[in-house]
Trainee: 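Provided herewith is a single structure, encoded as structure tokens, for subsequent inquiry.
One is the number of the first residue; the rest follow in order along the sequence.
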Amino acid sequence: MTRPKSAEDCHSKADIRTAIDSLDEELLRLFARRQTYVRRMAQLKQSPDEAFDHDRIETMVAALKVKAEALGLEGDQAEAVWRTLIDWNVAFEQRTIAARLASEEQGELTEN
């Protein structure tokens with residue numbers, strides 16, 4: 001993957017769109033990589049209730065907003081993106097853990 005032009009080096013809408021498309025692809029790769037950790041977390045947790053940790057989420061979002069603003073990104077934008085991502089991940093973990101537990105329970109019932 002070639003590195004996109006800097007914003008200053010973009011002299012047309014096409015240049016900007018190409019750069020944004022390249023960055024979007026990079027973001028997708030990072031989100032996919034992040035998802036591997038979410039899947040692993042769902043394997044380690046023992047209850048769907050463990051998927052939602054209010055204190056962890058609030059601490060994480062507050063820290064991300066500060067980091068985003070230091071990078072020149074609006075903190076509210078970063079918060080909106082991460083809250084959506086976190087909400088999806090919590091739901092994914094809850095579904096995954098519940099399905100695993102149901103499967104394990106079904107396996108125990110058939111063994112008896």
Side-chain angles (χ1 to χ4, degrees):
M1 176 184 349
T2 60
R3 190 150 182 91
K5 292 180 179 182
S6 69
E8 296 79 22
D9 290 334
C10 291
H11 299 290
S12 69
K13 289 186 278 186
D15 285 347
I16 293 169
R17 288 179 180 138
T18 298
I20 288 172
D21 289 348
S22 176
L23 290 169
D24 286 347
E25 185 175 332
E26 190 175 339
L27 285 169
L28 284 173
R29 290 177 193 280
L30 289 171
F31 282 137
R33 184 172 159 207
R34 187 183 192 280
Q35 183 64 23
T36 66
Y37 293 98
V38 173
R39 284 189 192 102
R40 181 64 180 138
M41 185 66 83
Q43 292 172 346
L44 297 174
K45 291 181 179 177
Q46 300 302 310
S47 166
D49 294 338
E50 289 182 68
F52 182 79
D53 183 341
H54 176 76
D55 293 341
R56 162 82 173 133
I57 292 167
E58 294 309 312
T59 299
M60 188 174 124
V61 168
L64 285 167
K65 280 182 76 169
V66 170
K67 290 177 185 177
E69 289 168 356
L71 293 168
L73 177 65
E74 291 182 22
D76 289 344
Q77 180 183 15
E79 179 177 4
V81 169
W82 258 265
R83 285 200 186 275
T84 299
L85 181 63
I86 291 165
D87 288 348
W88 191 93
N89 287 333
V90 166
F92 172 84
E93 284 185 18
Q94 289 171 333
R95 286 189 317 271
T96 301
I97 296 164
R100 185 189 74 233
L101 293 175
S103 176
E104 289 171 0
E105 184 176 301
Q106 185 65 29
E108 289 174 8
L109 291 175
T110 58
E111 289 176 7
N112 294 330

Trainee: Applying salt bridge (charged side-chain N to carboxylate O under 4.0 Å, His left out), which residue pairs with at least one partner in residues 78-89 are found, sequence neighbours left out?
Mentor: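 Matches after skipping sequence neighbours: E58-R83, K65-E79, E79-R83.
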Trainee: With sequence neighbours excluded, tell me which residues meet side chain to side chain contact (heavy atoms under 4.5 Å, CB included) with P4.
Mentor: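 P4 satisfies side chain to side chain contact (heavy atoms under 4.5 Å, CB included) with A19, S22, L23 once adjacent residues are dropped.
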Trainee: What pairs with L85 under side chain to side chain contact (heavy atoms under 4.5 Å, CB included), at least two apart in sequence or on another chain?
Mentor: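 L85 satisfies side chain to side chain contact (heavy atoms under 4.5 Å, CB included) with F31, R34, W82, N89 only.
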Trainee: By the salt bridge (charged side-chain N to carboxylate O under 4.0 Å, His left out) test, which pairs, at least two apart or in different chains, include something from residues 7-23?
Mentor: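 Sorted result for residues 7-23: K5-D15.
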Trainee: Among Ile, Leu, Val, Met, Phe, Trp and Tyr joined by side-chain contacts under 4.5 Å, find the other residues sharing a cluster with L73 and list them by chain and number.
Mentor: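 Other cluster members: none.
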Trainee: Are the side chain of T59 and the backbone N or O of R56 linked by a donor-acceptor pair below 3.5 Å?
Mentor: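 Flag not set: sc T59 to bb R56 has no pair under 3.5 Å.
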Trainee: Could you list who else is in L101's hydrophobic cluster, with ILVMFWY side chains joined at under 4.5 Å, directly or through other members?
Mentor: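 Its cluster partners, ordered by chain and number, are I97.
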Trainee: Once salt bridge (charged side-chain N to carboxylate O under 4.0 Å, His left out) is applied, what residue pairs with a partner in residues 42-52 remain, sequence neighbours excluded?
Mentor: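 Output for this query lists K45-E93.
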Trainee: Within the 4.5 Å heavy-atom criterion, are D53 and D55 side-chain neighbours or not?
Mentor: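 When only atoms from C-beta onward are counted, D55 and D53 do touch, with a gap below 4.5 Å.
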Trainee: Side chain to side chain donor-acceptor pair (under 3.5 Å) with R40: which residues, sequence neighbours excluded?
Mentor: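 R40 satisfies side chain to side chain donor-acceptor pair (under 3.5 Å) with Q43 once adjacent residues are dropped.
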Trainee: Report yes or no: do I57 and L64 belong to one cluster of Ile/Leu/Val/Met/Phe/Trp/Tyr joined by side chain heavy-atom distances under 4.5 Å?
Mentor: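 Yes; L64 is reachable from I57 via cluster members.
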Trainee: Which residues pass the ring-ring contact (aromatic ring centres under 6.0 Å, His included) test with F92, sequence neighbours left out?
Mentor: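 With neighbours one apart ignored, the set is W88.
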Trainee: Tell me whether V81 is reachable from M60 by hopping between hydrophobic residues (I, L, V, M, F, W, Y) whose side-chain heavy atoms are closer than 4.5 Å.
Mentor: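 Linked, M60 and V81 end up in one cluster.
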Trainee: Other members of the hydrophobic cluster containing I16, with the 4.5 Å side-chain heavy-atom rule, please.
Mentor: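 Hydrophobic cluster check, I16: joined to I20.
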Trainee: Does CD belonging to Q35 count more than 12 external heavy atoms closer than 6.0 Å?
Mentor: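 Atom CD in Q35 is packed in, count exceeds 12.
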Trainee: Which residues pass the side chain to side chain contact (heavy atoms under 4.5 Å, CB included) test with V66, sequence neighbours left out?
Mentor: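 Partners of V66 by the side chain to side chain contact (heavy atoms under 4.5 Å, CB included) criterion come out as none, since no residue qualifies.
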